[in-house]
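Read through the structure below, which is laid out as structure tokens, and then see the notes.
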Amino acid sequence: MSDKNGSFEPRIVAFLCRWCSYAGADLAGVSRMQYPPNVIPMRVNCSGRVDAGAVMKALEKGADAVLIGGCHPGDCHYVSGNYKTRRRIILLKRALSEVGIDPRRVHLEWISASEGGKFQKTITSYVDLIRSLGPSPVGLAKGQDSGSEETEKVAVGVADAE
């Protein structure tokens, strides 16, 4: 997405575990912590439910990056969901690298419900990183202009795909 000055503003889809990361995002919000509005939060029951297909669909639908937030290892409400997520993300980043997509466009972070400050810092630094990388090559390869879709349409497209 571009602002009125034409500078690039990334669209980031964030799959957030309902028990920890989403609650951490909520804490950041109710605490009025400031962070960039570039992230589209999508609540999932567990980070272990986020597979490579959902991440790729987000990128195909116009997201410049994907953030997955989960419970800290050992604290998963579904016992091993975050361990599955960690393995999937390692493999997904290898695959992205093999096809020429910067693996930093996918990021995994452990954020608990009490870590609103960590959520804020993670979002701020990740938006800065993706801003420095520029628009996603996936969207550019599909002929999408970085400002052609509204961020809500990206989230709707990913949600419809699941």
Side-chain angles (χ1 to χ4, degrees), residues 1-5 7-52 54-55 57-59 61-90 92-93 102-136 139 146-147 149-162:
M1 128 175 71
S2 298
D3 67 11
K4 50 189 152 198
N5 298 327
S7 63
F8 170 69
E9 283 298 324
R11 292 174 293 210
I12 300 172
V13 172
F15 294 102
L16 304 173
C17 158
R18 78 177 301 153
W19 304 105
C20 287
S21 299
Y22 194 84
D26 190 44
L27 177 61
V30 299
S31 299
R32 297 180 186 247
M33 295 178 183
Q34 298 291 313
Y35 56 88
N38 303 65
V39 175
I40 304 161
M42 296 188 65
R43 185 175 61 188
V44 293
N45 278 336
C46 178
S47 62
R49 297 288 304 183
V50 180
D51 62 10
V55 172
K57 184 60 76 178
L59 294 172
K61 293 287 184 179
D64 295 301
V66 175
L67 172 76
I68 297 107
C71 303
H72 287 274
D75 288 339
C76 179
H77 284 69
Y78 298 101
V79 182
S80 61
N82 46 17
Y83 293 111
K84 292 175 187 172
T85 302
R86 184 171 31 198
R87 286 191 302 268
R88 280 188 191 134
I89 298 307
I90 290 169
L92 177 60
K93 285 182 171 219
D102 192 322
R104 293 177 294 176
R105 291 197 181 272
V106 176
H107 181 68
L108 173 62
E109 191 73 41
W110 309 127
I111 302 170
S112 76
S114 65
E115 295 179 314
K118 183 176 182 182
F119 180 83
Q120 173 201 30
K121 289 175 187 167
T122 298
I123 296 302
T124 302
S125 64
Y126 196 52
V127 167
D128 289 343
L129 171 67
I130 300 305
R131 193 178 287 132
S132 73
L133 293 177
S136 170
S146 64
E149 293 181 7
E150 296 176 18
T151 50
E152 291 79 18
K153 290 181 181 178
V154 174
V156 169
V158 172
D160 289 346
E162 292 186 332

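Not measured: the values here are computed from a predicted model. Side-chain atoms are counted along with the backbone in the values below, which use heavy atoms only and exclude waters and symmetry mates. Quick note: residue numbers are just sequence positions, from 1.
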* Ile123 and Leu67: CA distance, side-chain angles, deciding distance, side-chain contact (heavy atoms from CB on, under 4.5 Å) verdict -> CA-CA 9 Å; Ile123 296 302; Leu67 172 76; 3.6 Å; yes
* To do: Return yes if some donor-acceptor pair links the side-chain N/O of Asp64 with the main-chain N/O of Arg11 below 3.5 Å, else return no.
  => yes
* Asked: Are the side chain of Ser112 and the backbone of Cys20 linked by a donor-acceptor contact shorter than 3.5 Å?
  -> no
* Structure fact -> The reported gap from CD1 in Ile68 to CG in Leu92 (rounded to nearest 0.5 angstrom) is 7.5 Å
Let me have the donor-acceptor pairs involving side chains of residues 71-79, under 3.5 Å, with sequence neighbours excluded, atom names and distances please.
from  : atom 1 : to     : atom 2 : distance (Å)
His72 : NE2    : Glu115 : OE1    : 2.8
Tyr78 : OH     : Trp19  : NE1    : 3.4

* Not counting sequence neighbours, which residues clear side-chain contact (heavy atoms from CB on, under 4.5 Å) with Ser80? List them please. => Tyr83, Lys84
* Just jot down the ring pair (Phe, Tyr, Trp, His ring centres under 6.0 Å) partners of Tyr126, sequence neighbours excluded, or say none. => His107
* Please answer whether the main-chain N or O of Lys121 pairs with a side-chain N or O of Thr124 as donor and acceptor at a distance below 3.5 Å. => no
Donor-acceptor pairs under 3.5 angstrom involving side-chain atoms of residues 23-36: please list them, not counting sequence neighbours.
from  : atom 1 : to    : atom 2 : distance (Å)
Ser31 : OG     : Leu27 : O      : 2.8

* Do side-chain atoms of Arg105 reach the backbone of Ile130 as a donor and acceptor pair under 3.5 angstrom? -> no
* **Atom of Ala63, atom of Ser136 and distance for their closest heavy-atom approach** => O-CB, 3.7 Å
* Ala58 and Val66: which non-hydrogen atoms are nearest, and at how many Å? -> CB-CG2, 3.8 Å
* Asked: Can you tell me how far the OG1 atom of Thr122 sits from the CG atom of Leu108, to the nearest 0.5 Å?
  -> 10.5 Å
* Structure fact -> By salt bridge (Lys or Arg N to Asp or Glu O under 4.0 Å), Lys118 pairs with (sequence neighbours left out) Glu109
* To do: Quick one: list whatever passes salt bridge (Lys or Arg N to Asp or Glu O under 4.0 Å) with Arg131, sequence neighbours left out.
  => Glu9, Asp128
* To do: Drop me the distance from Arg104's CZ to Leu129's CG, to the nearest 0.5 angstrom.
  => 5.5 Å
* Asked: So, for Ser47 and Trp110, which heavy atoms are closest and what is the spacing to 0.1 Å?
  -> OG-CZ3, 4.5 Å
* So Val50 and Thr85, side-chain contact (heavy atoms from CB on, under 4.5 Å) or not? Walk me through it. -> CA-CA 7 Å; Val50 180; Thr85 302; 5.8 Å; no
* Structure fact -> Rounded to the nearest 0.5 Å, the CG atom of Leu59 sits from the NZ atom of Lys57 at a distance of 11.0 Å
* Quick one: does Arg88's side chain have a donor or acceptor within less than 3.5 Å of a partner on Gly48's backbone? -> yes
